[in-house]
J.: 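The structure's right below; bear with me while I get my questions together.
Computed over heavy atoms, backbone and side chain alike; hydrogens, waters and symmetry mates excluded.
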Amino acid sequence: MAGARVVIAEINEEKAAAVAGEILKNGGHALAVTTDVADPDSIAEMVELAEDEYGRIDVLINNAGIFSSLQMRPFDKIPLPEWEQVLKVNLTGPFLCARAVLPAMRRRNGAASSMSRRRRALGRPNYLHYIATNRR
């Protein structure tokens, strides 16, 4: 999206800064905001910073997700805290983010919302907690 002013909302501060730095280095506009998509207060802070910096929010791309750090194992061996964290980030996170930006987008009349995923693991064995959050 040429000309987009981007907010990198990432739980890993260093990764967020690196991505924002690449965008800035290439002439774009970017703001890195350390954000936990499983935490409504963290999301609210990110939305506030985005609006303060850019004055508006036009598009939301929900692509946070836990996948690559998961250990492959049968579903009966998945620890409950891991299960719950995957659901919070992969399923509840997009809901919370969409809900948080909706007021700003409504003020813009006609702003777009988009959901995407970087990777899919549908049908792969031993990733039930990931698959459960991405089945359509």
Side-chain angles (χ1 to χ4, degrees):
M1 294 182 2
R5 294 178 291 172
V6 180
V7 175
I8 308 300
E10 163 66 56
I11 198 164
N12 183 310
E13 185 176 358
E14 290 177 14
K15 287 183 181 181
V19 172
E22 283 293 315
I23 293 169
L24 293 169
K25 186 172 83 175
N26 287 293
H29 301 274
L31 172 67
V33 180
T34 304
T35 307
D36 179 354
V37 300
D39 177 4
D41 292 334
S42 180
I43 296 166
E45 183 178 336
M46 177 271 296
V47 169
E48 184 178 339
L49 289 169
E51 285 195 283
D52 287 350
E53 180 72 19
Y54 297 134
R56 64 193 219 197
I57 297 174
D58 295 317
V59 177
L60 169 65
I61 300 174
N62 268 321
N63 68 340
I66 298 173
F67 174 72
S68 62
S69 63
L70 296 176
Q71 179 181 349
M72 288 181 62
R73 57 182 127 205
F75 83 94
D76 60 332
K77 303 295 184 199
I78 298 169
L80 183 58
E82 181 179 290
W83 173 269
E84 290 172 337
Q85 186 62 24
V86 170
L87 290 179
K88 282 182 188 176
V89 171
N90 294 13
L91 189 59
T92 305
F95 165 77
L96 293 173
C97 289
R99 188 173 70 173
V101 302
L102 186 60
M105 295 175 109
R106 282 184 171 154
R107 286 192 292 276
R108 289 279 306 142
N109 292 326
S113 177
S114 170
M115 288 192 171
S116 70
R117 289 276 183 226
R118 290 181 296 221
R119 293 190 212 172
R120 299 226 179 264
L122 301 179
R124 287 189 61 188
N126 300 315
Y127 282 115
L128 182 63
H129 45 347
Y130 180 78
I131 292 166
T133 63
N134 286 283
R135 252 325 188 202
R136 296 197 198 287

J.: Taking only distance into account, with no hydrogens and no angle test, what donor-acceptor pairs under 3.5 Å do side-chain atoms of residues 33-40 form with protein atoms, sequence neighbours excluded?
T.:
unit_1	atom_1	unit_2	atom_2	d
T35	OG1	V33	O	3.0
D36	OD1	A38	N	2.9
D39	OD1	D41	N	3.0

J.: If you group Ile, Leu, Val, Met, Phe, Trp and Tyr whenever their side-chain heavy atoms sit less than 4.5 Å apart, what else falls in with V6?
T.: I8, V19, I23
J.: Once you round to the nearest 0.5 Å, how far does CG of N62 lie from CG of L96?
T.: 9.5 Å
J.: When rounded to the nearest 0.5 angstrom, what is the spacing between CH2 in W83 and CG in L70?
T.: 11.0 Å
J.: Decide yes or no for L87 and E84: does some side-chain heavy atom of the first lie under 4.5 Å from some side-chain heavy atom of the second?
T.: no
J.: Does the side chain of I66 reach to within under 4.5 Å of the side chain of N90, using non-hydrogen atoms?
T.: yes
J.: What residues, two or more places apart in sequence or in another chain, satisfy side chain to side chain contact (heavy atoms under 4.5 Å, CB included) together with P79?
T.: R73, P81, E82
J.: Side-chain heavy atoms nearer than 4.5 Å, only ILVMFWY residues, links allowed to pass through others: does that put I57 and F95 together?
T.: yes
J.: Pairs in or reaching into residues 12-33: which pass side chain to side chain donor-acceptor pair (under 3.5 Å), with residues at least two apart or in two chains?
T.: E22-K25
J.: Test: side chain to side chain donor-acceptor pair (under 3.5 Å). Region: residues 44-54. Which pairs qualify, not counting sequence neighbours?
T.: E51-R107
J.: Out of curiosity, I78 CD1 to Q71 CD, how far, rounded to the nearest 0.5 Å?
T.: 10.0 Å
J.: I need the minimum non-hydrogen distance between V89 and P94, along with the two atoms involved.
T.: O-CD, 3.4 Å
J.: Tell me, please, which residues at least two apart from R56 pass side chain to side chain donor-acceptor pair (under 3.5 Å).
T.: D58
J.: Kindly give the cluster partners of L102, where membership spreads through any ILVMFWY side chain lying under 4.5 Å from a current member.
T.: none
J.: Nearest 0.5 Å, what's the CG-SG distance between N63 and C97?
T.: 10.0 Å
J.: Going by the rule side chain to side chain donor-acceptor pair (under 3.5 Å), which residues pair with Q85 if we only count those two or more places apart in sequence or in a different chain?
T.: none
J.: Cluster question for you: counting only ILVMFWY and a side-chain heavy-atom cut-off of under 4.5 Å, with indirect links fine, are I43 and L49 together?
T.: yes
J.: Tell me whether M105 is reachable from L31 by hopping between hydrophobic residues (I, L, V, M, F, W, Y) whose side-chain heavy atoms are closer than 4.5 Å.
T.: yes
